[in-house]
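What follows is a single structure, written as C-alpha cells, with notes after it.
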There are 2 protein chains.
Amino acid sequence: MGTGDNTTDTQEEIMRATYRALCEHGFANLTMQDIADESGKSRTLLHYHYDTKNDLLEAYLDRMIGWIGDRLATSETEHPVDRLAEFIDFFVIHPEDESQSLALAILELRLQAIHNETFREKLTAHYEGNVDTVAEIIADGIEAGVFRPVDPAATGEGIYTALIGARTYQITLKAGPATERMTRFLWQTAQHFLFTDAGNARLETDAYPAERFSSF
Amino acid sequence: MGTGDNTTDTQEEIMRATYRALCEHGFANLTMQDIADESGKSRTLLHYHYDTKNDLLEAYLDRMIGWIGDRLATSETEHPVDRLAEFIDFFVIHPEDESQSLALAILELRLQAIHNETFREKLTAHYEGNVDTVAEIIADGIEAGVFRPVDPAATGEGIYTALIGARTYQITLKAGPATERMTRFLWQTAQHFLFTDAGNARLETDAYPAERFSSF
DNA sequence: TCGTTGACTGACGCGACAGTCAGTCTTATG
DNA sequence: CATAAGACTGACTGTCGCGTCAGTCAACGA
C-alpha cells in the first residue's frame with residue numbers, strides 16, 4: 001500500500017476533526033489538543049503535517065471555502081427566478097439542524113479575518129465570488145425579461161449581504177428561524193423591486209407550490 | 001474629596017481603557033494587561049474593581065449596549081420617512097473613520113454570545129430593542145399613510161438585519177463603504193416595496209437634497 | 001538482512017496570562 | 001496622634017497551550 005494514500009487520508013481526517021472541534025469549542029477556545037482528540041491521533045502529529053496552528057487553520061479555511069463556493073456556483077436550474085429562489089434557499093438554517101454548526105464554523109473564521117490578513121484575503125475572495133454568483137443570476141434575469149434593469153452587482157451584494165446578516169443573527173443570538181424570515185422578506189420585497197410582470201408570473205407556475213414561501 | 005467619586009472616575013476610566021484595548025487588540029487577543037496599559041493603572045487594580053475578566057467585560061457590554069440603544073431610540077425627528085432615513089444613516093461607517101473601531105468592538109462581543117449565555121441574553125435584548133425601534137417607525141408610517149400596510153415587525157427585522165450584515169461585511173473584510181452601499185440598496189428598494197405615493201413624495205421635499213442618497 | 005524513509009508519539013521547555021496576597025500610600029475620622 | 005478604610009501596586013503562583021526534539025514502529029528497497 002502506498003504511503004502517499006495514508007498521508008492524504010490522515011490529512012483528510014485532520015480536516016474533519018478540525019471541523020468537529022471547531023463546532024464544539026469555537027474558534028477562540030480551539031486548541032490543538034481539541035483537534036487531536038477529535039482525530040484520535042496525538043497532538044504532535046498535527047504539527048507533523050502542518051507546521052503551526054495557523055497553517056492548519058488556513059488549510060481548513062481553503063477547504064471549507066472551496067466546498068461552499070462550488071456548491072453555490074453550481075446549479076442545474078435554468079430559469080433565473082428559480083435560480084434566485086434556489087440560491088436564497090441555500091442560506092436557510094433550520095434551528096437544531098447540523099447546518100447550524102457549519103455556519104458557526106464559518107462565522108468564527110470570519111471574525112479572525114479582522115486581524116489576520118491571509119484569512120481576510122481568502123474570505124474576501126469567497127464573499128465576492130458569491131456576490132458574483134447572485135449578480136450573474138440577476139443579469140440573466142434582466143436579459144430574459146423577468147427582472148427589472150437594476151444594477152446586478154449592487155443588487156447581488158445587497159441580497160447576499162442581507163442573507164449573511166440573517167445567518168449571523170440566527171447563529172450568534174440563537175434567534176430561531178431568522179434565516180427563514182429573511183428569505184421571506186427578501187422574496188416578498190423582490191416581487192416589488194426586482195421582478196417584472198413576467199417574473200412574478202413565474203410564481204404562478206408549478207415550480208412554486210403552496211408550501212413554498214407559503215406566507216405570501 | 002469623597003472617595004466615592006474617585007471610585008466612579010476610576011471605573012469610568014477602566015471602561016474607556018477597555019474600549020481602546022478592545023479596538024486595538026480584538027476580543028480574542030485581549031488581555032487584562034492590555035486594558036491596564038491603556039488605563040495607566042496596574043493590572044491588579046482591574047481585579048480590585050472587577051473580580052474576574054468576565055465580570056469586567058460584562059460590565060463593559062452593559063455600558064456599550066445602553067449607550068447605543070439610547071442613541072437609536074431617541075430622536076427629534078417627526079416624519080416617519082425622515083426617521084427611517086435617520087435610523088438607516090446611523091449604520092453607515094465611513095472607512096478610515098473611528099466609528100469603525102466601535103463597530104468592531106461590538107462585533108467582537110457578538111461572537112462571544114455564541115458560547116456565553118449572559119452575553120447572549122444581553123445582546124439579544126439589544127438586538128430586539130433595535131428591531132422594535134424600526135418597527136415603531138414603520139407602524140407610525142403606515143398610520144400616517146406614507147408606508148404600505150406591511151408587517152412592521154417583519155419589515156423592521158429585515159431592514160435591521162440587513163444593515164448589521166453590511167456592517168459585518170465592511171468590518172470583517174474591510175469591504176470599503178459596504179454600509180453605504182447597503183443604505184442605498186435599502187432606500188432604493190424601499191421606494192418600491194414600502195413607500196406609498198405619499199411616502200415617495202416626501203423625497204421631493206427639502207429634507208432630501210441632491211447630495212443625500214445621490215445615486216438615486 | 002540492513003539501512004532508509006515516512007508516520008507517529010511522549011516528554012519537555014517555554015512563554016503568556018488570570019487570579020491571589022501581602023503590603024504601601026493616602027485620606028478621613030475619632 | 002492613632003486607627004481604620006479605601007485605592008492601588010509588585011511579586012508570586014498555577015495553569016494552559018504551542019512548538020520542539022529525541023525516539024519508536026512499520027513498510028519498503030537494495
Side-chain angles (χ1 to χ4, degrees), chain A residues 1-61 105 108-109 111-112 115-116 118-119, chain B residues 1-61 105 108-109 111-112 115-116 118-119:
Chain A
M1 211 178 290
T3 53
D5 286 347
N6 280 333
T7 302
T8 300
D9 286 352
T10 301
Q11 288 182 337
E12 177 66 23
E13 179 50 37
I14 290 174
M15 290 290 100
R16 298 173 69 85
T18 302
Y19 168 70
R20 293 193 298 270
L22 197 51
C23 292
E24 187 170 356
H25 302 279
F27 189 98
N29 300 319
L30 182 67
T31 71
M32 292 293 267
Q33 189 61 57
D34 293 333
I35 301 172
D37 289 346
E38 288 288 341
S39 75
K41 303 296 176 63
S42 79
R43 186 174 61 83
T44 314
L45 183 64
L46 306 181
H47 287 290
Y48 177 75
H49 287 290
Y50 305 92
D51 279 359
T52 68
K53 185 184 181 183
N54 200 58
D55 286 347
L56 190 157
L57 292 173
E58 282 182 12
Y60 176 73
L61 180 62
E108 300 255 22
L109 292 169
L111 256 277
Q112 304 314 309
H115 304 286
N116 180 324
T118 306
F119 273 42
Chain B
M1 211 176 288
T3 54
D5 285 348
N6 279 335
T7 301
T8 300
D9 286 352
T10 302
Q11 288 181 336
E12 176 67 21
E13 179 50 36
I14 289 174
M15 290 290 100
R16 299 173 68 85
T18 302
Y19 168 71
R20 293 193 297 272
L22 197 51
C23 292
E24 188 170 353
H25 301 279
F27 189 97
N29 300 318
L30 182 67
T31 71
M32 293 292 268
Q33 189 62 57
D34 293 333
I35 300 172
D37 289 347
E38 288 289 341
S39 74
K41 303 295 176 65
S42 78
R43 188 173 59 84
T44 314
L45 184 64
L46 306 181
H47 287 290
Y48 176 76
H49 288 289
Y50 306 92
D51 279 358
T52 67
K53 184 184 181 184
N54 200 58
D55 287 347
L56 191 158
L57 292 174
E58 281 182 12
Y60 176 72
L61 181 62
E108 300 254 24
L109 293 169
L111 256 277
Q112 304 313 309
H115 304 286
N116 181 323
T118 307
F119 274 42

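Just so we're on the same page: letters track the sequence lines, and every chain starts at 1. This is a predicted model, so every value here is computed, not measured. Atom set for the values below is all heavy atoms of this structure, side chains included, hydrogens, waters and symmetry mates excluded.
Pairs passing the salt bridge (charged side-chain N to carboxylate O under 4.0 Å, His left out) check and including a residue from residues 50-60 of chain B, sequence neighbours excluded, do not occur. Applying the salt bridge (charged side-chain N to carboxylate O under 4.0 Å, His left out) rule to pairs touching residues 15-32 of chain B yields B:Glu13-B:Arg20, B:Arg20-B:Glu38, sequence neighbours excluded.
Within residues 35-46 of chain A, the residues having any heavy atom under 4.0 Å from DNA chain D are, by residue number, A:Arg43, A:Thr44. Residues of residues 53-60 of chain B that place a heavy atom closer than 4.0 Å to DNA chain D do not occur. Taking a 4.0 Å limit (strictly below) on heavy-atom distances, residues 14-25 of chain A does not reach DNA chain C anywhere.
Picking from D:dG17, D:dC8, C:dC17 the nucleotide with the shortest atom distance to the side chain of B:His49 gives D:dC8.
Residue B:Thr52 places no side-chain N or O under 4.0 Å from the OP1 or OP2 atom of C:dA18.
Listed by chain and number, the residues in a side-chain contact (heavy atoms from CB on, under 4.5 Å) with A:Thr44 are A:Ser42 (sequence neighbours excluded). The side chain to side chain donor-acceptor pair (under 3.5 Å) test applied to B:Thr118 returns no partner, not counting sequence neighbours. Remark: A:Glu108 pairs with A:Phe27, A:Leu104, B:Leu111, B:Ile114, B:His115 by the side-chain contact (heavy atoms from CB on, under 4.5 Å) rule, at least two apart or across chains. The side chain to side chain donor-acceptor pair (under 3.5 Å) check on B:Asn29 picks up nothing, with sequence neighbours excluded.
In this structure the side chain of B:Tyr50 never reaches within 4.5 angstrom of the side chain of B:Leu57, judged on heavy atoms.
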Pair B:Asn54-B:Asn116, side chain to side chain contact (heavy atoms under 4.5 Å, CB included): steps then yes or no: CA-CA 10 Å; B:Asn54 200 58; B:Asn116 181 323; 3.5 Å; yes
